Amino acid sequence: MQPGRSLPSGIRLVERFLNIDSKLSSRGIVTCKFSPGPHQCRMTFPPTTRLPGRISSYADSRQEADMPVRPDRSTTAYFAAAYTILAEDGYAGLKLAQLCERVGVTTGGFYHNFKNWRDFTTRFLEHWHTDRTTRLIALVSQESDPLARLQLLLNTASNLPHSAESAIRVWSTTDREVAVMQRSVDLERLQIVIETFRELSLPEDAARRRAVSALYLLIGHEQAGGVADIEALRWALNALITSALAPDERP
């Protein structure tokens with residue numbers, strides 16, 4: 001360190017640590033680097049010593065609202081791991097330790113990407129909403145023929161991460177934020193199907209009944225567990241589409 005260079009105080013020093021986590025006090029050694037420049041410092045604490053005051057709290061909880069978030073590993077890796085955990089273990093299995101193990105990072109790596117656990121779940125749900133609903137609806141909406149669009153919607157519904165979505169729906173019964181996101185996803189999916197059935201010249205009530213039935217089929221399939229049959233889901237959804245072409249469904 002250059003003579004006369006002053007150390008940042010308290011929390012500013014901790015914010016410069018490259019990878020601080022619960023191992024900090026047990027190892028007793030922290031290395032930090034000052035920026036700009038190549039200056040480094042090495043700080044040693046007795047292994048049984050907790051860091052004092054604000055520094056200890058920051059290192060242990062990482063819950064500070066203004067904590068800087070630095071990129072460590074692509075957030076999509078965390079989201080992909082969350083889908084897998086939800087599919088295999090349900091929403092109760094989605095915990096910090098399990099997530100970090102799946103991604104292959106320490107908790108310190110996690111907190112380089114997310115401010116806290118709530119920040120992660122919020123961003124994961126937003127990703128699920130955007131990637132599995134908003135983006136897909138935008139893609140199928142480019143098809144001008146309504147019958148072909150319904151077939152695209154059928155294929156899209158068949159390829160959703162059904163086990164993970166089942167866990168998210170159960171999760172929504174215990175968490176208001178998840179419930180709001182789940183309702184938004186359901187309504188967006190419902191609306192595009194209603195609009196497409198309407199373009200087949202179906203009356204509003206008939207179009208809505210078919211769209212709601214399609215949504216019920218999807219939800220039932222996702223909640224069916226061991227008896228879920230993707231081909232049966234495709235058959236049922238296709239039956240809704242083809243029967244809409246019957247003369248008695250038209251005005």
Side-chain angles (χ1 to χ4, degrees), residues 69 71-88 90-91 94 99 102-103 110 113-115 117-173 175-200 207-208 210-224 228 230-231 233-234 236-238 240-241 244:
V69 176
D72 177 64
R73 178 169 298 196
S74 172
T75 55
T76 57
Y78 291 91
F79 299 154
Y83 279 124
T84 301
I85 294 171
L86 287 169
E88 295 179 358
Y91 87 95
L94 187 58
L99 182 68
R102 288 274 185 175
V103 180
F110 173 88
N113 286 276
F114 306 99
K115 294 179 180 178
W117 183 251
R118 175 57 76 179
D119 179 45
F120 165 73
T121 57
T122 297
R123 290 166 64 182
F124 168 69
L125 291 168
E126 289 171 350
H127 170 79
W128 169 62
H129 181 191
T130 300
D131 190 57
R132 303 295 179 164
T133 297
T134 306
R135 180 183 64 84
L136 295 177
I137 288 176
L139 286 173
V140 300
S141 295
Q142 297 177 25
E143 173 57 62
S144 58
D145 179 71
L147 187 57
R149 193 185 315 138
L150 284 170
Q151 289 295 332
L152 288 175
L153 286 167
L154 185 159
N155 291 333
T156 297
S158 300
N159 291 318
L160 290 170
H162 297 124
S163 296
E165 291 210 349
S166 173
I168 292 172
R169 190 171 296 277
V170 174
W171 187 6
S172 72
T173 64
D175 188 306
R176 176 174 173 77
E177 181 185 23
V178 185
V180 169
M181 188 66 73
Q182 180 69 75
R183 178 170 175 77
S184 178
V185 166
D186 287 342
L187 290 177
E188 287 182 36
R189 292 175 178 178
L190 184 65
Q191 189 60 37
I192 182 63
V193 179
I194 292 174
E195 292 172 359
T196 305
F197 272 123
R198 288 285 288 135
E199 290 183 40
L200 288 177
R208 180 172 182 81
R210 289 184 179 278
V212 171
S213 296
L215 183 61
Y216 287 170
L217 285 169
L218 176 61
I219 295 172
H221 170 78
E222 291 182 342
Q223 301 295 324
I230 189 63
E231 291 306 319
L233 173 65
R234 293 181 63 88
L237 291 174
N238 191 62
L240 277 176
I241 295 172

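Hydrogens, waters and symmetry mates are skipped; everything else that's a heavy atom, side chains included, is used. Nothing here was measured: the structure is a model prediction, and the numbers come from that model.
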Got a sec, which residues hit ring pair (Phe, Tyr, Trp, His ring centres under 6.0 Å) with F120, two or more places apart in sequence or on another chain?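 F120 satisfies ring pair (Phe, Tyr, Trp, His ring centres under 6.0 Å) with F110, F114, W117 once adjacent residues are dropped.
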Once you round to the nearest 0.5 Å, how far does [atom1] of [X] lie from [atom2] of [Y]?
X: R183; Y: L190; atom1: CZ; atom2: CG; value: 10.0 Å
X: Q223; Y: H162; atom1: CD; atom2: NE2; value: 11.5 Å
X: L200; Y: I241; atom1: CG; atom2: CD1; value: 9.0 Å
X: L152; Y: L147; atom1: CG; atom2: CG; value: 10.0 Å
X: I219; Y: E165; atom1: CD1; atom2: CD; value: 10.0 Å
X: L99; Y: F124; atom1: CG; atom2: CZ; value: 9.5 Å

Can you list the residues that meet the salt bridge (charged side-chain N to carboxylate O under 4.0 Å, His left out) rule with [X], with sequence neighbours excluded?
X: R135; value: D131
X: E177; value: R118
X: E222; value: none

Discussion item. Quick check on R102: does its CZ atom have over 12 non-hydrogen neighbours (other residues, nucleotides or ligands) under 6.0 Å away?
Written reply: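 More than 12 heavy atoms, drawn from other residues, nucleotides or ligands, come within 6.0 Å of this atom.
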Within the side chain of S184, is there an N or O that forms a donor-acceptor pair under 3.5 Å with the backbone of M181?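 Checking the backbone N and O of M181 against the side chain of S184, no donor-acceptor pair under 3.5 Å is found.
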**Item:** Heavy-atom donor-acceptor pair, T84 side chain to A80 backbone, under 3.5 Å
**Value:**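 Side chain of T84 to backbone of A80: a pair is present.
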Checking I230 against L233 for the side-chain contact (heavy atoms from CB on, under 4.5 Å) test, could you report, in this order, the C-alpha distance in whole Å, the side-chain angles of both residues, the deciding distance, and whether it holds? CA-CA 5 Å; I230 189 63; L233 173 65; 3.9 Å; yes
Can T156 and L139 be said to form a side-chain contact (heavy atoms from CB on, under 4.5 Å), step by step?
CA-CA 10 Å; T156 297; L139 286 173; over 6 Å; no
Which pair of heavy atoms, one from [X] and one from [Y], lies closest together, and at what distance?
X: S141; Y: I137; value: OG-O, 2.6 Å
X: L240; Y: R210; value: O-NH1, 2.9 Å
X: L237; Y: A157; value: CD1-CB, 4.2 Å
X: T76; Y: S74; value: OG1-OG, 2.6 Å
X: I194; Y: A207; value: O-CB, 3.8 Å
X: R149; Y: S144; value: NH2-O, 3.4 Å

>> For a 4.5 angstrom cut-off between non-hydrogen side-chain atoms, does Y91 reach L86?
In response: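 Yes, at least one pair of side-chain atoms sits under 4.5 Å.
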Inset, instruction - Quick one: which residue pairs count as a ring-ring contact (aromatic ring centres under 6.0 Å, His included) with a foot in residues 139-160, not counting sequence neighbours? - result: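 Every pair satisfying ring-ring contact (aromatic ring centres under 6.0 Å, His included) with a residue in residues 139-160: there are none.
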For side-chain contact (heavy atoms from CB on, under 4.5 Å), just list the numbers for V185 and W128, CA-CA rounded to whole Å, side-chain angles, deciding distance to a tenth of an Å, and then say yes or no.
CA-CA 9 Å; V185 166; W128 169 62; 3.7 Å; yes
_side-chain contact (heavy atoms from CB on, under 4.5 Å) evaluation trace for R189 with L153_ = CA-CA 9 Å; R189 292 175 178 178; L153 286 167; over 6 Å; no
Practice problem: Go through the side-chain N and O atoms of W171 and Q182 and say whether any donor and acceptor fall under 3.5 Å apart. | Solution: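 The criterion, which ignores hydrogens and geometry beyond distance, is not satisfied for Q182 and W171.
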Side-chain H-bond candidate by donor/acceptor type, T122 with E126, under 3.5 Å: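 Judged by distance alone, the side chains do not pair up.
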Margin query: Just to verify, what does R132 make a side-chain hydrogen bond (donor to acceptor under 3.5 Å, both in side chains) with, not counting sequence neighbours?
Written below: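 By the side-chain hydrogen bond (donor to acceptor under 3.5 Å, both in side chains) rule, R132 matches no residue at all.
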